[in-house]
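Values below: all heavy atoms of this structure, side chains included; hydrogens, waters and symmetry mates excluded.
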Amino acid sequence: MSKLILGCGYLGSRVAWRWREAGHAVHVVTRTRQRAAMLTAEGYQPIVGDVLRPQTLAALPAADTVLFAVGYDRGQRPGVLEVFVAGMQSVLQALPASIGKFIYISSTGVYAQSQGEWVDENSPCEPRREGGRACLAAEQVLASHPLGSRAVVLRMAGLYGPGRIPNAEQIRHGRPIAAPAQGFLNLIHVDDAAAVVLAADERAASPRLYLASDGHPIERPAYYEELARLLAGPVPEFAPAPGDAPSALRATSNKRINNARMLAELGVKLAYPSYREGLAAIVADER
């Protein structure tokens, strides 16, 4: 079978590796010829293209599965709304009609509940942050397109894993964490997130929506206390973040993500069922 990935970054690269190891032909869209040469050497079939330049997407193949996992670099231009929404529109216009399944990596940032409520797939979406609004708008673009009837939307909780433990350096050096001292964190290890993508490809009926998290929300102080213990760092301290900082904006949302539908329908067995197992494995590997 053939797979097409748009956004072969932190999550997409792990999905690509698993699909390639399973014997699938994996097509990967990249913006540079240098990166394309590297992907070819790794056994992938690269396509040089840019989701914001529709004219470069003419060669998109009729894959059995498309994964749209395009990320956003906060320093890049244009803004997140254009990257996610205009990018989604360009890709949908370029894809052949014979695509089998379309998987979109969205975000639990589409929710803005702030009182520690449990949130599931039926909870109202009223995103306050630009990233959450962009993800929800991209979902709506997909739903209104003919391929929306073959789409699976995965609203991912916060991804963490090797090379991505937020505020690890602050903990190591005893510097205050620029975030409120209270509030829930909802997480999923990147390897488990990749397993969710594969399970959605293999088992999900479409159209369908899933919240992807480890299902064990943890209050921020407990999370950083465990990280400090593993890193042999001092007890973490917190300091107010600047009002326009991403961490301050994220902290206005305080919710707990329910992953019951994901577990029941996709049959995912999480390798890291909570932050404890995930952090311990990452720190052990780094040592």
Side-chain angles (χ1 to χ4, degrees), residues 1 3-24 26-28 30 38-39 42-44 65-72 101 103-109 135 152-169 171 184-204 208-218 222-224 226-227 229-231 256-287:
M1 299 179 73
K3 312 294 183 181
L4 171 63
I5 297 178
L6 299 112
C8 196
Y10 193 60
L11 173 59
S13 62
R14 286 166 168 81
V15 175
W17 183 86
R18 292 184 182 216
W19 273 338
R20 186 198 65 191
E21 291 300 292
H24 301 301
V26 182
H27 305 267
V28 178
T30 179
M38 295 171 59
L39 290 166
E42 294 171 7
Y44 302 110
T65 307
V66 174
L67 173 64
F68 189 102
V70 173
Y72 178 70
K101 182 177 284 186
I103 301 174
Y104 172 46
I105 303 301
S106 185
S107 167
T108 55
C135 286
V152 177
V153 174
L154 301 176
R155 290 177 179 164
M156 289 284 173
L159 289 177
Y160 75 104
R164 188 183 285 191
I165 305 179
N167 295 307
E169 289 306 304
I171 292 290
F184 283 99
L185 300 176
N186 296 277
L187 304 166
I188 185 167
H189 191 286
V190 67
D191 290 337
D192 283 333
V196 172
V197 174
L198 267 66
D201 183 27
E202 296 167 2
R203 304 185 192 110
R208 199 60 166 153
L209 167 67
Y210 296 95
L211 301 191
S213 79
D214 63 21
H216 288 87
I218 181 64
Y223 172 85
Y224 284 113
E226 176 65 6
L227 179 57
R229 186 188 69 82
L230 292 169
L231 296 176
R256 289 179 282 178
I257 299 299
N258 184 332
N259 68 351
R261 178 186 288 182
M262 178 195 84
L263 295 178
E265 295 187 8
L266 300 184
V268 178
K269 303 297 183 185
L270 298 177
Y272 307 98
S274 81
Y275 74 104
R276 291 184 181 276
E277 295 87 350
L279 288 179
I282 297 164
V283 173
D285 285 346
E286 288 180 349
R287 285 176 177 163

Is the shortest heavy-atom distance from the side chain of Asn258 to the side chain of Leu211 under 4.5 Å? no
Salt bridge (charged side-chain N to carboxylate O under 4.0 Å, His left out) partners of Glu286, counting only residues at least two apart: Arg172
Heavy-atom check, side chain of Leu67 versus side chain of Val15, under 4.5 Å: yes
Inter-residue atom distance Ile282.CD1 - Asp285.CG, 0.5 Å rounding: 8.0 Å
Would you say Leu159 and Arg164 make side-chain contact, with heavy atoms under 4.5 Å? yes
Could you go through Leu11 and Ile105, starting from their C-alpha distance and side-chain angles, then the distance that decides it, and tell me whether this counts as side-chain contact (heavy atoms from CB on, under 4.5 Å)? CA-CA 9 Å; Leu11 173 59; Ile105 303 301; 4.0 Å; yes
Side chain Arg256, main chain Ile218, donor-acceptor under 3.5 Å: no
Could you check whether Glu226 pairs with Arg229 (Lys NZ or Arg NE/NH1/NH2 to Asp/Glu carboxylate O, under 4.0 Å)? yes
Restricting to non-hydrogen atoms, name the atom on Val196 and the atom on Ala212 that form the minimum distance, rounded to 0.1 Å. CG1-CB, 4.2 Å
Nearest atoms (heavy-atom pairs only) where Val26 meets Ala16: CG2-O, 4.0 Å
Arg261: partners by side chain to side chain donor-acceptor pair (under 3.5 Å), with sequence neighbours left out: none
Taking C-beta and beyond as the side chain, do Tyr104 and Cys135 meet within less than 4.5 Å on heavy atoms? yes
Would you tell me whether Thr65 and Asp201 have side-chain atoms, one donor and one acceptor, within less than 3.5 Å of each other? yes
Shortest non-hydrogen contact from Ile257 toward Ser213: CG2-OG, 3.5 Å
So, for Ala200 and Leu266, which heavy atoms are closest and what is the spacing to 0.1 Å? CA-CD2, 4.0 Å
Check for a donor-acceptor pair, side chain of His216 on one end and backbone N or O of Asp214 on the other, with a separation under 3.5 Å. yes
Step by step, work out the side-chain contact (heavy atoms from CB on, under 4.5 Å) result for His27 and Ile5. CA-CA 6 Å; His27 305 267; Ile5 297 178; over 6 Å; no
Using side chain to side chain donor-acceptor pair (under 3.5 Å) as the criterion, list what pairs up with Tyr210, not counting sequence neighbours. Glu265
Tell me if a side-chain donor or acceptor on Lys3 pairs with a main-chain N or O of Arg20 at a distance below 3.5 Å. no
When rounded to the nearest 0.5 Å, the distance separating CD1 of Ile165 from CD1 of Ile171 is 10.5 Å
Run the numbers on Arg155 and Ser106 for side-chain contact (heavy atoms from CB on, under 4.5 Å), then give the verdict. CA-CA 4 Å; Arg155 290 177 179 164; Ser106 185; 4.0 Å; yes
Under the 3.5 angstrom rule, does the side chain of Tyr275 hit a backbone N or O of Asn186 as a donor-acceptor pair? no
Taking side chain to side chain donor-acceptor pair (under 3.5 Å) as the definition, give me every residue that meets it alongside Arg203, ordered by chain and number, with sequence neighbours left out. none
If you look at every heavy atom in Asp192 and Ala271, which pair is closest and at what distance? OD1-N, 2.8 Å
Side chains of Tyr44 and Trp17, heavy atoms from C-beta outward: is any pair under 4.5 Å? yes
Quick one, Leu187 and Pro217 - any side-chain contact, counting heavy atoms below 4.5 Å? no
Measure the shortest side-chain to side-chain distance between Val153 and Arg208 over non-hydrogen atoms and say whether it is less than 4.5 angstrom. no
According to side chain to side chain donor-acceptor pair (under 3.5 Å), who are the partners of Asp191, at least two apart in sequence or on a separate chain? Arg14
Applying side-chain contact (heavy atoms from CB on, under 4.5 Å), run through Phe68 and Ile103 and close with a yes or a no. CA-CA 6 Å; Phe68 189 102; Ile103 301 174; over 6 Å; no
Smallest heavy-atom separation, His189 atom then Tyr272 atom, equals CG-CD1, 3.4 Å
Applying ring-ring contact (aromatic ring centres under 6.0 Å, His included), can you list everything that pairs with Phe184, at least two apart in sequence or on another chain? none
